[in-house]
Amino acid sequence: MLDVMKDRITDIGPPDFKEYLPPAVKKNYGQWKYHEILEAGVLVHVAESGDKLYTVRCGSPRLVSTTSILFYTEIADKYCDGFLRFTSRHNVEFLTTEFDNVAKIKAEMTEYGNPVGGTGPSITSIVHTQGWVHCHSAATDASGVVKAVMDDLFEYFNEMKLPAKCRIALACCLNMCGAVHCSDIAILGIHTAYPRIDHENLNKLCEIPNISASCPTAAIRPATVDGKPSVELIEEQCMYCANCFTVCPAMPLADPVADGISLWVGGKVSNARSEPKFSKLAVPFIPNNPPRWPEVTSAIRKMVEVWAENARPYERMGEWIDRVGWPRFFKLTGFEFSKMHIDDFKYAGLSFKRSAQITHE
Amino acid sequence: MLDVMKDRITDIGPPDFKEYLPPAVKKNYGQWKYHEILEAGVLVHVAESGDKLYTVRCGSPRLVSTTSILFYTEIADKYCDGFLRFTSRHNVEFLTTEFDNVAKIKAEMTEYGNPVGGTGPSITSIVHTQGWVHCHSAATDASGVVKAVMDDLFEYFNEMKLPAKCRIALACCLNMCGAVHCSDIAILGIHTAYPRIDHENLNKLCEIPNISASCPTAAIRPATVDGKPSVELIEEQCMYCANCFTVCPAMPLADPVADGISLWVGGKVSNARSEPKFSKLAVPFIPNNPPRWPEVTSAIRKMVEVWAENARPYERMGEWIDRVGWPRFFKLTGFEFSKMHIDDFKYAGLSFKRSAQITHE
Amino acid sequence: MPKEYKTPMLDELEKGPWPSFVKEIKLAAKKNVMSNDLLGLLERSYNERLGHWKHGGIVGVFGYGGGVIGRYTDLPEEYPEISHFHTLRINQPSGWFYTTEALRTLCDIWDRHGSGLTNMHGSTGDIIFLGTKTDELEPIFKELTEAGFDLGGSGSDMRTPSCCVGPGRCEWACYDTLQRCYDITMKYQDELHRPAFPYKWKFKFSGCPNDCVAAIARADISIIGTWKDDIKMDQAEVKKYAENGVDIFNDVVLNCPAKCMKYDGDKLEINNNDCRRCMHCINVMPKALRPGDDKGAIVLIGAKAPIVEGALLSSVLIPFLNIDDDEEFEDFCDLVEEMQDVWCEEGKNRERVGEFIQRVGMGNFLEAVGVEPIPEMIAYPRDNPYIFFEMDEDEEEEEE
Amino acid sequence: MPKEYKTPMLDELEKGPWPSFVKEIKLAAKKNVMSNDLLGLLERSYNERLGHWKHGGIVGVFGYGGGVIGRYTDLPEEYPEISHFHTLRINQPSGWFYTTEALRTLCDIWDRHGSGLTNMHGSTGDIIFLGTKTDELEPIFKELTEAGFDLGGSGSDMRTPSCCVGPGRCEWACYDTLQRCYDITMKYQDELHRPAFPYKWKFKFSGCPNDCVAAIARADISIIGTWKDDIKMDQAEVKKYAENGVDIFNDVVLNCPAKCMKYDGDKLEINNNDCRRCMHCINVMPKALRPGDDKGAIVLIGAKAPIVEGALLSSVLIPFLNIDDDEEFEDFCDLVEEMQDVWCEEGKNRERVGEFIQRVGMGNFLEAVGVEPIPEMIAYPRDNPYIFFEMDEDEEEEEE
Ligand code: SRM
Ligand code: SRM
Ligand code: SRM
Ligand code: SRM
Ligand code: SF4
Ligand code: SF4
Ligand code: SF4
Ligand code: SF4
Ligand code: SF4
Ligand code: SF4
Ligand code: SF4
Ligand code: SF4
């Protein structure tokens, strides 16, 4: 240990990005004029100087081995002066000033297993989280669901045939590390079983007042069980958010049957046209069905297809639904509408249909 | 007493309206085809039968003496076969099948003091409440403020020169009997002094648990004062809603200096174009200044003029503000924006500007 | 001899073009000592910037729990004629239509027994007889009912329903507002006169989405006309409007909330499937466009003023009801009663039905009253993941 | 010899066109026993439909309170190589630009000390080194810092800021996202590494309202570029877009949220006074339209995921900040610190700043941090009459 503590450097922060910028970027920094999308996954940015910079965007599983990273570096060395970048949605991008390189990068990366696409009116990588690969809190896997969904929607990744962008994100529990709450389609792992209280160990592992305070619906009360200080649960008040579990390991919720996936729809982040919006509940629960979650992929495909068929150009999923109304969405998708769709949390009242503006068919 | 109890009739309900319909209405009931506005306050409705029915709408103070009602009946007898109606905004309407009668009704009614107008893109009567004329709860007068405002805005009543309808309503306290909360402009009587607790009589007049429960902000707690059961007030939590006073007369709030008027703007009821909306706070407080409340009338005139100048045709006050944004509204009216305008009640979070869609000037 | 009050403040309000309520009080004061004292008291309020009325006690007519608002001045020595000054709420006829004869009868009763001052009308819709003494209540009531009138609501009961002029004089009425308002009022006379609910219970009927009685903003049950089929269109009339200066593109098409119109400068097209029946295009061109033939009403629930939980707008409960059909109307009344029952059972004191729904949750409310949840009831589904899961019996079994 | 796991479930996920994470785990497993055990454990999870990780204890590197997420499997006997399986969060360079050299260095460190698996990147933006043992943490840290890298945030601290590519490769960047992201990160190293806040504190920088790092949805402080002057327009290019099939009327004008555009089939007009800088028209025609020259940023506050009080979007705090200007940037940092102080003082444990603002009220928060309330901060003023009146000193005196 002593060894590693010697000459220890701390608080240096990340490397200065300026060292990592490709020459064409450095030269034209802040001097870009316009861009065009040449084909799915291929952009060209033209600078005031007239310089052109081509970008090839390749899909990535996000969970990548050093082996693959090293492969990317080979490509970057060959075609991109030894530079590359990743995107905010975890794709890998190769930037080159030589148009000829585009096809080559595309060919080599596709060959390796990282296809090109995700620009313009398409479906790009699914932002996602850890799932069963690493997190104790997961109600579903992340990478596996993403893989299944993207395999199914692949035609929308490497072609640009949608009305607008469609951003899909996945979070494996309500903590929503994928920040899925503003996605065109959100895939959210969800528990539907109550926390199982480990009365034996609870008092050793956790502070009881913290647990009570953690519950948004006040479903947890201090109680003495078998002579030990513990908590009790008012089951009717629990909506499985798992916040108690986050605070206290002695209250696990995970359950092979009761865990699954909910689907949410119509959110967006950009300020283009309409203001940012939250995603809304489409399908409350689909049981986990690994390895390919077929019910999930087909429900998502349904949404995408219905939207693609009915929306106007540039209309994001939520913008389309806002125009034609939620009754139309449920009708066209065939998803069941139930009590669970009707909000009963803080702002519920504002989600009721408070007008006579109604469509009839 | 016995006398009046004899042969007493109860629960007969209102007269059957069918007995009260003018012949032209009876004949063309449900068979109207279209209408036109001939001039401010004068409508013609054309029936499928070809019949024409002219309506002359006359402004009314709502608070009317039998003397004036009897005058209206004279007019109705002369020109309208002995029928007349009132509107949902308390104007009086004379219906006639003879076009020639229109001018005569107009002349006689105007002469009597009830001018003609209020149709189409105009300002019609102000829906209002009792005020100092009859209610124990009032923070301002109703009829007097209305009279002052309508005198000032009269040109918008008897001419149709606004972009759209502008509905003004007044309620003399937060109970909002005028249901002002969805008005283009709402005039709302408001207290700004804490309830004065009459510890001496409170327990005799009221039930203490009811009082505590009545307070939306939980500002009232049971307490013993001078040996008597009473309540105490946490002043910082009181926002003067007077609900405690409604429940208990021993907690009056009215105060000559602290009572006054707040102005609200941009609400609507109709479903035309945009969905119904609540009115929003424009001016938090103007002290009562009878008999003509000049600060109120001029603030309202300001709003009307600014809107009239800037809105597009058919754009109601709130629709215009929604298009150009609240910063523009405050800038053009010159009204001060303060902490008080920022919501801090239940749905406050949704009223923050949660987007980057911002105008700059 | 009545006192003579100096009223310099109020006199100011006799000036100006708008009809003067001061003139009205003075007219009444000429014939009536109560109105004369009211004039004096009001002038005093104007000077002091303070009202002079006390919390009303419970007064009324025998066997009725509502219809009268008790009122007393806090200065009875100085204004003895209005030491009592109660109002009566008299149920107006549907659509506020009157014969002059009826009005004369009302005036006559009121001149003999009260202040001679009225509100035509109160903001719930009643005829308001403004100010009388306790002793006069029964005589007034007797004469009123003999003349065919009855009291309206007050207190925790059904309130006097009201409606727009509808088929009486409006081409857009999608159902018979006047009739249905009358029917509901007659059917629930007991509920109207004998308060037994947690709080008020208001009904308003508007014939189309223009909502000329502001039902959606201020009635617990708001009934608003609509239609199902296509908007009727007369292209020739559209052209005429265009010729006469209507900017069809900017004024109509751009204002359509459904963005479902197209105009090529000649023909107007509507995608009726997307149309929200907002009325705007029809309002602008009443000769060219009209609601379809398959008419009915939307039933919405829950509006109210802000006290205590904040103002509410009504929200959709039944997206389309052929309310003119007697059977459907009866079904609707059954639902109304069901809702009353649930609300009476579970509602707290002074909790309007809208607040009740917010407290227990719309989903639970629907379940309790036996109505299927449908997406027409919401503006959007929940955006938070805090779902109280309720699995079907089947599913649960499968899982076991 | 590492165990050989049968993974029929996972093998399924090697098929199909989308890049396979299973392939990646297998690639790593070839070189690395931890990844091999991970493969086995994950297959088991797929079979059991259940994760096998325990709540992480507190692990980390000396002197840092964050940057490492402790993780242990609940089946350590069966999968001993991942009995510890902690992740490291390594602060990425602004905009995720790398030299291949840097990446090779990182891979080398990680292959020697960890699982050989990464996330490029974590959803906050860090490089995630996915899985290692407690003992390896200090060596990794030492090698990382020597290579010029440092840990990112975790726990109740400032989290690793991130930004869009901005001026690096985007014509719309209204300020230098890469630089300001770097500056903030460097300035607050202590806050990033030593948790002392009530909860997380995230910064994200987007160069324009397209918000390509989703700042408004997931950063406590969201900084989004905008401009003040007119949109730059090249009418000739507009024409070309029209010729090339852009339906300027339907695709652009009708989609403008401010309804501030006019198009007569030839010339496009923008009323820049009403324009909301939404980016839509610019997005559709990047050669014809461009943001103005007077550029800067909007600072918004408060976004977060749903736990506990429901998800929040950030809301406007400063409508325009010339953030590229060093002085204005310093002022902004002062405000950031002021806000931290107030939140640290008054915030509850696990209460994000957005929730804190909701609890104490935006008005009170602004007052506490010394920012003037302005209408740009709200979508609309209050619609309820429950105003806590605060009269000016002056007024109060007058009243007395
Ligand atoms: C590379 C990247 C930024 C980065 O620093 O990494 C990026 C790059 C560009 N974005 Fe983006 N956006 C990127 C994530 C985002 C995100 C964030 C997200 O999805 O999590 C958003 C917000 C999404 C949302 O609204 O939910 C985003 C919303 C946009 C928009 C607005 C789209 C809309 O109409 O709502 C545009 C404009 C457009 O595409 O017309 C845009 C436009 C662009 C442009 C055209 C900007 C430019 O001129 O260079 C770039 C190419 C776009 C393309 O893919 O067609 N970018 N863009 C991100 C690529 C992610 C990926 O790998 O697929
Ligand atoms: C007589 C009356 C109904 C009644 O039963 O008494 C009535 C009658 C008509 N209304 Fe109304 N409205 C009446 C109160 C209302 C109200 C209620 C209120 O103001 O409290 C509303 C909702 C107001 C709101 O949205 O805040 C109302 C919103 C409309 C609208 C929608 C306007 C809009 O663009 O938002 C129309 C359509 C129009 O005018 O183009 C309309 C249209 C009409 C038409 C043209 C209907 C017709 O074809 O006959 C009638 C003449 C309108 C005019 O005055 O120009 N009426 N109208 C009410 C007259 C009140 C008065 O004395 O001034
Ligand atoms: C007379 C009238 C005002 C007017 O000048 O027109 C009126 C007058 C009173 N209302 Fe009202 N309300 C009147 C229509 C309304 C309306 C409008 C409506 O019905 O369309 C509302 C708003 C809609 C609603 O119901 O939400 C209304 C909401 C209230 C409230 C708040 C109720 C709530 O749930 O928020 C109260 C307070 C209460 O009930 O304790 C209230 C209470 C009162 C009381 C009884 C005062 C009290 O606390 O005891 C007032 C008696 C005044 C007096 O001395 O005469 N009044 N009240 C209206 C009834 C006349 C009529 O029958 O036609
Ligand atoms: C690794 C990462 C997911 C991923 O696969 O990318 C992650 C993983 C965890 N997050 Fe997260 N969060 C990650 C980004 C996010 C984001 C997205 C963002 O930052 O843009 C969010 C939503 C935005 C936000 O902050 O609101 C997010 C919201 C949460 C929350 C809910 C916080 C809240 O205020 O609502 C929790 C629960 C908590 O803090 O107790 C949480 C907790 C966790 C914990 C530490 C689980 C826990 O309860 O202790 C997860 C550890 C997983 C593991 O075993 O590795 N994570 N977490 C992301 C960090 C990687 C990185 O540093 O780059
Ligand atoms: S979303 Fe939940 S389960 Fe998934 S990584 Fe985040 S905390 Fe873990
Ligand atoms: S899961 Fe959520 S709602 Fe249920 S007890 Fe735990 S904290 Fe409360
Ligand atoms: S608004 Fe208030 S003061 Fe006015 S009549 Fe109604 S209860 Fe009385
Ligand atoms: S006025 Fe309203 S807030 Fe103040 S104590 Fe009374 S009930 Fe509570
Ligand atoms: S609500 Fe509709 S039907 Fe009734 S009067 Fe108004 S416009 Fe006519
Ligand atoms: S009624 Fe309203 S929604 Fe329907 S076409 Fe006309 S303007 Fe559009
Ligand atoms: S946010 Fe704006 S500036 Fe940044 S990459 Fe996206 S489009 Fe370009
Ligand atoms: S940027 Fe947006 S608001 Fe401004 S003109 Fe373009 S489309 Fe309209």
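Quick note on labels: first sequence line is chain A, next is B, and so on, each numbered from 1.
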- Task: Spell out, as yes or no, whether a donor-acceptor pair under 3.5 Å connects the side chain of B:His136 to the backbone of C:Thr73.
- Result: no
- Does B:Ser65 reach the main-chain N or O of C:Leu27 with its side chain, forming a donor-acceptor pair under 3.5 Å? no
- Message: So for C:Cys208, is it side chain, backbone, both, or neither that comes closer than 4.5 Å to the heavy atoms of chain B?
- Response: neither
- Dump the intermediate steps for side chain to side chain donor-acceptor pair (under 3.5 Å) on C:Asn119 and B:Gln130, then the final yes or no. CA-CA 9 Å; C:Asn119 289 143; B:Gln130 296 297 331; 2.8 Å; yes
- Task: Give, as side chain, backbone, both or neither, the part of B:Phe83 having an atom under 4.5 angstrom from any heavy atom of chain C.
- Result: both
- Is C:Asp211 reaching over with its side chain to a backbone N or O of B:Ser270, donor-acceptor style, under 3.5 angstrom? no
- Message: Looking at C:Glu24 and B:Lys147, is any side-chain nitrogen of the basic one under 4.0 Å from a carboxylate oxygen of the acidic one?
- Response: no
- Query: For C:Tyr188, is it the side chain, the backbone, both, or neither that has a heavy atom closer than 4.5 Å to a heavy atom of chain B?
  - Reply: neither
- Task: Side-chain contact test, heavy atoms from C-beta onward, threshold under 4.5 Å: evaluate it for C:Arg169 versus B:Leu53 and give yes or no.
- Result: yes
- Query: Quick one: are B:Pro115 and C:Pro19 in side-chain contact, heavy atoms under 4.5 Å?
  - Reply: yes
- Query: chain B heavy atoms under 4.5 Å from C:Met186: which part of the residue, side chain, backbone, both or neither?
  - Reply: side chain
- Item | Heavy-atom proximity to chain B below 4.5 Å, by part of C:Val61 | both
- Would you confirm whether B:Arg273, through its side chain, and C:Cys256, through its main-chain N or O, come within 3.5 Å as a donor-acceptor pair? no
- Task: Answer with side chain, backbone, both or neither: which region of C:Leu130 has an atom nearer than 4.5 Å to a non-hydrogen atom of chain B?
- Result: side chain
- In terms of heavy-atom proximity below 4.5 Å to chain C, should B:Leu205 be classed as side chain, backbone, both, or neither? neither
- Task: Determine whether the aromatic ring centres of B:Phe245 and C:His55 lie less than 6.0 Å apart.
- Result: yes
- Message: Tell me the closest heavy-atom pair linking B:Tyr314 and C:Val284, and the distance in Å.
- Response: OH-CG1, 3.3 Å
- Query: Counting N and O atoms only, with roles assigned by atom type, does the side chain of C:Gln189 sit under 3.5 Å from a partner on the main chain of B:Gly13, one being a donor and the other an acceptor?
  - Reply: yes
- Item | Proximity breakdown for C:Leu13 and chain B, heavy-atom pairs closer than 4.5 Å | both
- Query: Are C:Asn210 and B:Asn271 close enough, and set up right, to give a side chain to side chain contact (heavy atoms under 4.5 Å, CB included), and what steps lead you there?
  - Reply: CA-CA 6 Å; C:Asn210 283 328; B:Asn271 293 278; over 6 Å; no
- Message: Given heavy-atom pairs under 4.5 angstrom as the criterion, report whether the side chain, backbone, both or neither of B:Asp152 touches chain C.
- Response: neither
- Query: Which is it for B:Tyr29 and C:Asp176 under the side chain to side chain donor-acceptor pair (under 3.5 Å) test, yes or no, and what are the steps along the way?
  - Reply: CA-CA 9 Å; B:Tyr29 196 83; C:Asp176 194 339; 2.5 Å; yes
- B:Asp11/C:Arg194 ion pair, N-O < 4.0 Å: yes
- Given side chains that start at C-beta, do those of B:Pro15 and C:Phe149 come closer than 4.5 Å, heavy atoms only? yes
- Message: Main chain of C:Ala305, side chain of B:His181: is a donor-acceptor contact present, judged purely on distance under 3.5 Å?
- Response: no
- Message: Given the ring of B:Tyr112, does C:Lys23 sit roughly above its face, with NZ or CZ under 6.0 Å from the centre of the six-membered ring and within 45° of the axis?
- Response: yes
- Interchain contact, C:Leu313 with chain B, by part (heavy-atom threshold 4.5 Å): both
- Check each atom of C:Lys31 against the heavy atoms of chain B and say whether the ones under 4.5 Å are side chain, backbone, both or neither. side chain
- Message: Taking the ring centre of each residue, are B:Phe17 and C:Trp96 less than 6.0 Å apart?
- Response: no
- Task: Give a yes or no on whether the backbone of C:Phe21 and the side-chain of B:Ser143 come within a donor-acceptor separation of less than 3.5 Å.
- Result: no
- Task: Could you tell me whether a side-chain N or O of B:Arg292 sits under 3.5 Å from a main-chain N or O of C:Glu12, the two making a donor and an acceptor?
- Result: yes
- Has the side chain of C:Trp18 got a donor or acceptor atom that lies under 3.5 Å from a matching backbone atom of B:Pro61? no
- Looking at C:Gly152, C:Pro17, C:Gly16, C:Ala28, which makes the most heavy-atom pairs under 4.5 Å with chain B? C:Pro17
- Query: Where do B:Thr66 and C:Asp111 land on the side chain to side chain donor-acceptor pair (under 3.5 Å) test, with the steps shown first?
  - Reply: CA-CA 7 Å; B:Thr66 48; C:Asp111 277 337; 2.6 Å; yes
- Item | Distance-minimising heavy-atom pair for B:Ala179 and C:Arg218 | CB-CD, 3.5 Å
- Item | chain B contact via C:Arg104 - side chain, backbone, both or neither, heavy atoms under 4.5 Å | both
- Task: Report yes or no: does C:Lys287 contribute a side-chain atom to a donor-acceptor pair with the main-chain N or O of B:Tyr34 at less than 3.5 Å?
- Result: no
- Looking at B:Arg167, B:His90, B:Lys26, B:Met176, which has the largest count of heavy-atom pairs under 4.5 Å with chain C? B:His90
- Message: Minimum heavy-atom separation for B:Ile9 and C:Thr145, please, with both atom names.
- Response: O-CG2, 3.3 Å
- Item | Under the side-chain contact (heavy atoms from CB on, under 4.5 Å) test, residues paired with C:Arg350 that sit two or more places apart | B:Asn243, B:Thr246, B:Val247, C:Tyr199
- At a heavy-atom separation under 4.5 Å, does C:Gln92 approach chain B through its side chain, its backbone, both, or neither? backbone
- Tell me, for C:Thr185 versus chain B, whether the close heavy atoms (under 4.5 Å) come from the side chain, the backbone, both or neither. side chain
- Query: Got C:Gln179 and B:Lys18 here, is their nearest side-chain heavy-atom distance under 4.5 Å?
  - Reply: yes
- B:Glu93 versus chain C, heavy atoms under 4.5 Å apart: side chain, backbone, both or neither? side chain
- Query: Taking every heavy-atom pair that is under 4.5 Å apart, which of C:Asp108, C:Leu178, C:Val165 has the most such pairs with chain B?
  - Reply: C:Leu178
- Task: Select one option (side chain, backbone, both, neither) describing which atoms of C:Leu254 are under 4.5 Å from chain B's heavy atoms.
- Result: neither
- Shortest non-hydrogen contact from C:Pro306 toward B:Leu174: CG-O, 3.5 Å
- Which atom of C:Ile307 lies closest to which atom of B:Cys241, heavy atoms considered: CD1-O, 4.0 Å
- Query: Taking C-beta and beyond as the side chain, do B:Thr10 and C:His193 meet within less than 4.5 Å on heavy atoms?
  - Reply: no
- Between B:Val133, B:Asn210, B:Asp259, B:Val25, which shows the greatest number of heavy-atom pairs under 4.5 Å with chain C? B:Val133
- Query: Mind checking what makes side-chain contact (heavy atoms from CB on, under 4.5 Å) contact with B:Pro290, not counting sequence neighbours?
  - Reply: B:Trp132, B:Asn288, B:Trp293, C:Tyr46, C:Arg49
- Under 4.5 Å to a heavy atom of chain C? For B:Phe86 that would be both
- Can you find a pair of side-chain heavy atoms, one from B:Arg8 and one from C:Phe62, that are under 4.5 Å apart? yes
- Item | pair B:Pro256-C:Glu48: side-chain heavy atoms closer than 4.5 Å | no
- Query: Looking at C:Leu50 and B:Asp255, what are the two nearest heavy atoms and their distance?
  - Reply: CD1-N, 3.6 Å
- Is it the backbone or the side chain of C:His121 that comes under 4.5 Å from a heavy atom of chain B, or both, or neither? both
- Residue C:Ala173 versus chain B: region with a heavy atom under 4.5 Å: neither
- Determine whether C:Lys142 and B:Asp7 make a side-chain contact, defined as any pair of heavy atoms from C-beta on separated by less than 4.5 Å. yes
